[in-house]
Amino acid sequence: MAIRTYSELIQADAFVDRFDYLKLDGQVGHETFGFDRHLNQQFYASPQWKQIRAYVISRDNGCDLGFPGYEIADGLLIHHINPMTPHDLVSGEEWILDPEYLITTTKQTHNAIHFGADIYQPGVPDRTPGDTKLWQRG
Amino acid sequence: MESSILIATKEILGLDSDDDAFDLDIVTHINTSLSVLFQMGVLLEPKSIQDMAAKWDLLALEPEVLNMARSYIFLKTQFLWDPPTTSFLIKARQDQIAELEYRMAAYAEHAQGPLIPVVVVIDP
């Protein structure tokens, strides 16, 4: 699997391009936390993680995938650009706390990256005549 | 690294170094940060800047604390001049500022020794 990085990610000028760079589409056969979930809960409660989390949110200006204009008001997550396994945690791999492999995102975008759901793109929807008159639509 | 405190801070804030429209605000916020650093015991004398002529040497700090002081001035100025708009970003920036304050206070205490209370005996 190719190693993805923050430096490469921010080269993409469009939100969709950043999403495409990150998406995993629920790769089959890869180890996930499952019954070892206590390990990552311990990790996410550690002061080291909280410190790096604050740095990443600040660096990304609290925006989804660090993309300007996509400020997150609800459900912010820090995503490991390259999926983390229980083995990485137990062996204390340094990259799991390296901002180069972390990005700010929303729960919705995070799920879309992992499971291929639709991505939410904030912005002004296309307008059509009468679209504010709900009783006349359709 | 840009040697002028004002120009470096403006660049971090995304401003052009030639754009002086916000210099008064930014200089004010930098001086607020410098006052806090003095109050914490990181700076041994009160310092302030007026314009882009002031360099980082003005702070007369050892490299290990100068790097933290730079980040602190950037973060504090950014927080005051361009306040974050979401609770996540407010919390993240506050945490970063608080951590730097703690670390620099620890440095100041270690470098200069703990404050010794002065007892004044008044002869009746």
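First the proteins, then the strands, lettered A, B, ... as listed; each starts at 1.
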Crowding at OH, A:Tyr55 (>12 non-hydrogen neighbours, <6.0 Å): no
Flag if over 12 foreign heavy atoms under 6.0 Å of CG, A:Asp13: no
Nearest heavy atoms of A:Ile72 and B:Phe88, plus distance in Å: O-CD1, 3.5 Å
Side chain to side chain contact (heavy atoms under 4.5 Å, CB included) between A:Asn61 and B:Arg93: does it pass, once the steps are laid out? CA-CA 9 Å; A:Asn61 284 318; B:Arg93 296 253 162 90; 2.7 Å; yes
Count the heavy atoms belonging to other residues, nucleotides or ligands that lie under 6.0 Å from CD of B:Glu64, then report whether that count exceeds 12. yes
Which heavy-atom pair separates A:Ser58 from B:Ala92 by the least distance, and what is that distance? N-CB, 4.2 Å
Looking only at non-hydrogen atoms, find the nearest pair between B:Leu89 and A:Ile57 and report the distance. CD1-O, 3.4 Å
Is it true that, when you exclude B:Tyr102 itself, more than 12 heavy atoms of the residues, nucleotides or ligands shown sit nearer than 6.0 Å to its OH? no
What part of A:Asp60 gets closer than 4.5 Å to chain B, counting heavy atoms only: side chain, backbone, both or neither? neither
Check this for me: B:Lys91, atom NZ, are more than 12 non-hydrogen atoms of other residues, nucleotides or ligands nearer than 6.0 Å? no
Proximal component of B:Leu75, with respect to chain A [non-hydrogen, under 4.5 Å]: side chain
Heavy-atom closest contact (A:Ala54 atom, B:Asp95 atom, distance): CB-CB, 4.1 Å
In Å and rounded to the nearest 0.5 Å, what is the CD to NZ distance from B:Glu99 to A:Lys50? 13.0 Å
Hydrophobic cluster membership, with links at side-chain heavy-atom distances under 4.5 Å among I/L/V/M/F/W/Y: are B:Ile12 and B:Leu66 in one? yes
